[in-house]
Amino acid sequence: MQKERIKKIGICADHGGFELKEKMITFLKNNHFEPIDFGAKTLNNADDYPDFVIPLAKAVAVKEVYRAIAICGSGVGACIAANKVSGVRAALITDHFSAHQGVEDDDMNLICLGGRVTGYTSAEELVLSFLNAKFIGAERHVRRLQKIKDLEQ
Ligand code: RB5
């Protein structure tokens, strides 16, 4: 049997999500993923989430990382910024069903979390559910995604 390659997972946060990002990096390592930290590397209350989210989103769009996690205070700004990058399908996730169904039906490749909203344990469960989910790829899913892709041309 072929051994599965360790998946690279991009992760970033501004000051609103910094603490959760640090915890998630340890969590990813403990769960046999390879976290790639796109910053912030230190806590700076004056930093701006687009400075971290846009490079992260570009990395997932070109498949430099398998999937990605973007964290800001609410998760809202991170989600808005990430979805501006072609090829990124990002969503702000707060419940378990959406964490996996967003991948299964919509091929979500970037999860956004609110560091001031979602607790550590919930965030861990949401992230694991997101990372372990697979796109089903049914004709109806592909057709819907194509309608979104058409906008990106
Ligand atoms: C930063 O204070 C905060 O506005 C940001 O982290 C985020 O919540 C934006 O959506």
Side-chain angles (χ1 to χ4, degrees), residues 6-135 141 144-145 147-153:
I6 296 188
K7 294 187 172 97
K8 288 188 166 73
I9 308 299
I11 185 164
C12 81
D14 71 350
H15 55 281
F18 185 78
E19 217 177 300
L20 179 57
K21 173 175 75 71
E22 296 301 296
K23 300 236 181 211
M24 293 312 300
I25 286 175
T26 306
F27 177 74
L28 289 169
K29 287 180 185 160
N30 290 343
N31 282 275
H32 314 292
F33 292 100
E34 183 186 342
I36 309 291
D37 189 354
F38 283 75
K41 298 287 165 75
T42 54
L43 177 61
N44 168 6
N45 284 325
D47 65 12
D48 300 327
Y49 60 83
D51 294 337
F52 314 110
V53 174
I54 295 168
L56 175 80
K58 286 181 174 168
V60 81
V62 298
K63 298 190 168 46
E64 199 179 292
V65 294
Y66 172 65
R67 285 182 192 160
I69 304 163
I71 313 169
C72 64
S74 63
V76 173
C79 190
I80 292 170
N83 277 312
K84 296 290 179 194
V85 175
S86 286
V88 170
R89 293 171 296 280
L92 169 54
I93 298 294
T94 57
D95 70 281
H96 179 258
F97 173 74
S98 306
H100 63 87
Q101 198 254 10
V103 176
E104 290 158 359
D105 287 20
D106 311 313
D107 205 11
M108 170 170 62
N109 54 13
L110 192 154
I111 189 172
C112 300
L113 299 171
R116 293 172 178 157
V117 179
T118 300
Y120 300 140
T121 309
S122 298
E124 289 177 355
E125 291 194 1
L126 297 176
V127 162
L128 213 50
S129 181
F130 162 65
L131 293 178
N132 289 330
K134 301 268 178 298
F135 178 50
H141 300 140
R144 290 163 191 159
L145 286 173
K147 291 181 182 186
I148 299 167
K149 257 189 209 151
D150 290 347
L151 275 177
E152 295 180 337
Q153 302 317 311

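Note that ligands are numbered from 1 as they come in the structure, with each ligand's atoms numbered from 1 the same way. The residues of the chain are indexed from 1 along the displayed sequence.
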Have a look at Asp47 and tell me which of Leu43, Asn44, Asn45 forms a side-chain contact (heavy atoms from CB on, under 4.5 Å) with it.
Asn44
Side chain proximity check, Ile11 to Met24, heavy atoms < 4.5 angstrom
yes
Filter the ligand 1-protein atom pairs down to N or O on both sides and distance under 3.5 Å, then list them.
residue, atom, partner, partner atom, Å
ligand 1, 2 (O), His15, NE2, 2.9
ligand 1, 2 (O), Arg116, NH1, 3.4
ligand 1, 6 (O), Asp14, OD1, 3.4
ligand 1, 6 (O), Asp14, OD2, 2.6
ligand 1, 6 (O), Gly73, N, 2.7
ligand 1, 8 (O), Gly73, N, 3.2
ligand 1, 8 (O), Ser74, N, 2.9
ligand 1, 8 (O), Ser74, OG, 3.3
ligand 1, 10 (O), Ser74, OG, 3.2
ligand 1, 10 (O), Gly77, N, 2.8

Roughly how far, to the nearest 0.5 Å, is CD1 of Ile6 from CG of Asn31?
12.0 Å
Pairs meeting criterion salt bridge (Lys or Arg N to Asp or Glu O under 4.0 Å) with involvement of residues 87-113, two or more places apart
Arg89-Asp107
Test side-chain contact (heavy atoms from CB on, under 4.5 Å), reference Tyr66, set Asn109, Val60, Ile36, Ile9, output is Ile9
Student check: side-chain heavy atoms of Leu110 and Val85 closer than 4.5 Å
no
